[in-house]
Each structure stands twice: as C-alpha cells, then as structure tokens.
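Lettering of chains follows the sequences in order, A, B, ..., and the numbering in each one begins at 1. Basis for what follows: all heavy atoms, side chains included, without hydrogens, waters or symmetry-related copies.
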Protein chains: 2
Amino acid sequence: MVRWFDRTPREVTRSLLRARTVVAEGDRVLLQDLEPRLDQYLGQLLALQLVVLQQAGQAVKDAPTLAAKANLVEALRIVSTRYRDLVRLLPRDTDPLRAMEPFYASSERFAKEVAGVDWYEQVLSLHVTTGLLTDFFVAYGGGLPDDDRDAVVRVLTRETGQPLLVEELQRAIVANPRLAARMALWGRRLVGDTLLQMYLAVHGPADAAPGATRRLEPAFNDIVAAHTRRMDALGLTA
Amino acid sequence: MVRWFDRTPREVTRSLLRARTVVAEGDRVLLQDLEPRLDQYLGQLLALQLVVLQQAGQAVKDAPTLAAKANLVEALRIVSTRYRDLVRLLPRDTDPLRAMEPFYASSERFAKEVAGVDWYEQVLSLHVTTGLLTDFFVAYGGGLPDDDRDAVVRVLTRETGQPLLVEELQRAIVANPRLAARMALWGRRLVGDTLLQMYLAVHGPADAAPGATRRLEPAFNDIVAAHTRRMDALGLTA
C-alpha cells in the first residue's frame with residue numbers, strides 16, 4: 001500500500017492541469033459536461049474526505065456532552081467508511097496515495113481555513129462543507145462513465161450523518177440564541193472557502209482567466225441553493 | 001437517542017458497585033468466572049472504545065505523512081464501526097448513553113493518561129491499549145450468557161487495525177532507532193495504566209482491599225503475555 005513518490009507535488013499538479021479542459025456552453029459551464037478522469041476525480045474527492053474526516057475526529061474529541069460525542073462518533077463512522085468505499089472505486093492499478101497526492105497540500109490548507117475556533121464552528125463546518133462537497137461531487141461525477149458515476153454516487157449518498165449534526169446544531173442554538181449570529185457569519189465564510197475549493201477542483205489554480213469564475217457560477221447555483229436550505233433549517237441566514 | 005440522566009454519576013456508580021461481586025477460586029480469580037451484567041459490561045467497553053476512538057482521530061490528524069494518515073484512517077474506520085456494532089448489542093431497552101455514563105468520567109481520565117506527547121506515542125498507545133483492552137474484554141466476556149458472549153467476541157475480533165499500526169511503528173523505529181528507548185518506557189507506562197483500568201472494570205474503585213490486586217493478577221497473566229509479544233514484535237522491551 002505504501003509507496004513514495006518520484007515526482008514533486010508541483011510537477012504532478014502541473015501535468016494534471018495540462019490534461020484538464022473546461023467545456024463551456026455559450027457562457028455557461030455545466031458540471032456534468034466536464035469529463036474528469038476517474039483517478040483524478042477520486043484523488044480530489046479522497047483528499048477532501050480526509051479533511052472532513054479530521055474535522056469529525058476533532059469534533060468527537062471536543063464534544064461538550066456524552067450525547068454529542070456519541071452522535072459525532074456516528075458521523076465519523078460514516079465518513080471513514082465512505083473514504084474506504086471510495087478508495088475501492090479507484091482503477092485497480094492506481095495507488096490511492098498517488099491519486100490523492102497532487103491535491104493533498106491544497107486540501108490541508110482548506111482544512112485549516114474551515115477548522116473553526118470551537119466545537120460549534122467545527123460542527124457547522126462539518127455539516128456545511130460535507131453538504132456542499134457531496135452535492136458538488138455528485139454533479140461533477142455526472143461526467144464520468146456511467147458505471148463509475150453510479151458507483152460513486154451510491155457511495156456518496158448511501159449514508160449521511162447530516163441529521164445528527166443538525167440535531168446538535170439546533171440544540172446548541174436553542175440553548176444559546178446568541179450563537180446564531182456567529183454561526184451565520186461562519187456559514188458564509190465556509191461557503192466562500194468551499195466554493196473556491198470546488199472552483200479549483202474544476203479549473204486548477206493556473207486557469208485564473210477573468211471570465212472563468214463567472215462562467216462556472218450557474219453550475220454552482222443548485223449547490224448553493226441546497227446550502228441555503230440547510231442554513232434555513234438551522235434558522236440561520238445563508 | 002438523547003436522554004438526560006436523573007441520577008448523578010456517583011449514585012449510579014454506587015448502585016452498580018453494590019451489585020458487583022468478584023468470584024475467587026482459592027486465591028485465584030478467573031475473569032471468565034465473573035458474571036457481568038450485559039449492560040454494565042457493554043457500558044464499560046463502549047466508554048473505553050470512545051477513548052481509543054479519540055486516540056485514533058488525533059493520530060489521523062497528527063500523522064506525519066499521507067501514507068501514515070491513510071493507514072490511520074483505516075484504523076479509525078475499524079474502531080468507529082466496532083463502536084456502532086457494540087451499541088447494537090445492548091438490550092433493546094437500554095440507552096447507550098445511560099449504559100456508558102457511569103464509566104465515562106473514569107474513561108476520560110484514562111484518555112488523558114494514555115494520550116502521549118507526540119504522534120509516535122499516540123500510535124503506540126492506540127496499539128497497546130486496544131490490544132490489552134480487547135484481550136481483557138474477550139476474557140471478561142466469558143462470563144456473559146453464551147449468545148451475548150459470542151456476539152461480543154465476534155464484534156471485538158472481526159477486524160483489526162493492529163497490523164497497520166505495527167507497520168507505522170516499525171517504520172518509525174527503523175527510521176529513528178533512538179525512538180526505541182522512549183517507546184519502550186512509554187509502553188510500560190501504558191500497560192500499567194491499562195491494567196489499572198481493567199482492575200477497576202472488575203472491582204470498581206471502592207473495592208481496594210489489599211489482597212484484591214494479588215488475587216486478580218493470575219487472571220491478567222495471559223493478557224500481559226500477549227502484550228509482551230506485541231512489544232517484542234516491535235523490537236521493544238515490555
């Protein structure tokens with residue numbers, strides 16, 4: 001399982017970026033029209049699952065009550081099982097570490113950005129980033145060959161810890177209504193950071209043409225709408 | 001799932017201790033002769049699984065390489081799945097939180113004692129405490145009714161992350177031989193703390209009769225022997 005890499009992350013990233021194209025339809029890009037390579041798609045997804053997984057681990061540790069801890073353990077079980085199941089979808093000759101490696105540094109930076117200062121921010125972050133990333137990778141996976149797409153979507157949607165997180169967040173906000181304002185602000189910060197991560201997943205950091213973000217915006221509309229509904233369910237302004 | 005408790009932890013612990021007896025055979029206690037109540041047995045076990053789980057989460061986060069992180073994620077998946085499967089073995093009318101609650105404070109103290117100062121100590125701790133606790137609860141579970149015992153042993157032995165942890169520890173010690181001396185000392189500290197936790201699981205804190213530890217020692221011999229083999233496999237003195 002363990003191998004060391006003969007190329008630097010920068011070299012690997014550069015070669016991936018050369019291979020990447022973005023399909024535009026008029027001035028509109030449809031995520032499902034992109035055709036990611038399976039190993040690159042899963043490499044990105046796995047690297048981001050590692051971020052979510054570490055958030056969940058921290059949230060278990062910092063949980064203020066035993067009840068909250070037990071709920072978070074279940075969320076952690078779900079994300080760690082999902083990680084294992086996604087690894088299994090890699091092509092047989094693809095090392096999971098090699099697939100993840102080009103995206104790892106960027107996902108670690110993302111992990112720091114969305115870490116939060118306390119348990120409440122951690123749990124909202126876990127809820128918001130998991131929701132956005134799942135919706136994004138389900139849509140982006142639309143460009144994979146049918147069998148791969150079906151397998152990926154099945155793993156991403158099989159189990160969800162979201163109701164447990166909602167339960168914890170709702171209880172926290174009811175117990176301390178002043179938390180709501182901070183959580184709403186934190187949610188906005190999270191959606192910004194996560195959209196950027198999604199943008200980089202599609203374009204790579206090199207493609208920073210001024211029109212690119214605007215062209216991709218419509219593709220993100222559904223994803224942001226689902227985020228707004230998640231925030232509404234918590235009584236928070238998105 | 002979430003309920004609040006109408007008794008203090010101290011009251012619950014006291015009532016559990018009154019119900020607990022230790023069977024001595026001459027001056028020898030056999031763990032399998034103890035007959036724990038299923039809810040108490042699982043409550044203790046679950047509370048300690050929470051400790052192991054949090055160690056694994058921290059070890060994922062602090063892993064020095066992506067390869068190590070991936071191995072630790074698999075260990076984390078195994079312990080979080082084990083936790084879920086053990087919860088399912090509780091009697092239908094038993095709330096998992098209520099079952100764990102009397103043992104939670106003690107297990108949190110235990111978590112602090114075995115936390116370690118860096119990633120290497122965390123991983124050895126995860127390896128050593130999981131090994132000792134699994135062996136102990138398999139033996140202690142010998143006193144449960146047959147069906148319960150079989151179900152518990154099946155969950156405890158179905159999957160193990162131990163080879164992954166051994167791989168990481170061996171690699172670390174080969175890369176830095178000076179680590180061995182510190183790891184051996186840390187291993188001794190861990191076995192002491194974990195034996196005490198096992199002792200408390202059987203006796204409860206109130207039964208501190210001078211002869212009690214000596215009477216239980218033979219029951220722990222096999223468990224300590226297995227620990228010594230684990231340390232040997234790492235090239236460390238137990």
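Atom-to-atom distance recorded for B:K69:NZ and A:L53:CG is 9.5 Å, nearest 0.5 angstrom. Here the CD1-CZ distance, from B:I78 to A:R77, works out to 13.5 Å after rounding to the nearest 0.5 Å. Here the CZ atom belonging to B:F103 is positioned 12.0 Å from the CG atom belonging to A:L66, to the nearest 0.5 angstrom. Between atom CD of residue A:Q54 and atom CG of residue B:D62 there is a gap of 9.0 Å, rounded to the nearest 0.5 Å. Distance check: B:L76 CG to A:Y83 OH gives 11.5 Å after rounding to the nearest 0.5 Å.
Ranked by heavy-atom pairs shorter than 4.5 Å toward chain A, the options B:M100, B:E74, B:K61 are led by B:K61. When B:S80, B:G57, B:A111 are compared by the number of non-hydrogen pairs under 4.5 Å with chain A, B:S80 comes out ahead.
Interface remark: A:L50 contributes side-chain atoms only to the contact with chain B (heavy atom separation under 4.5 Å).
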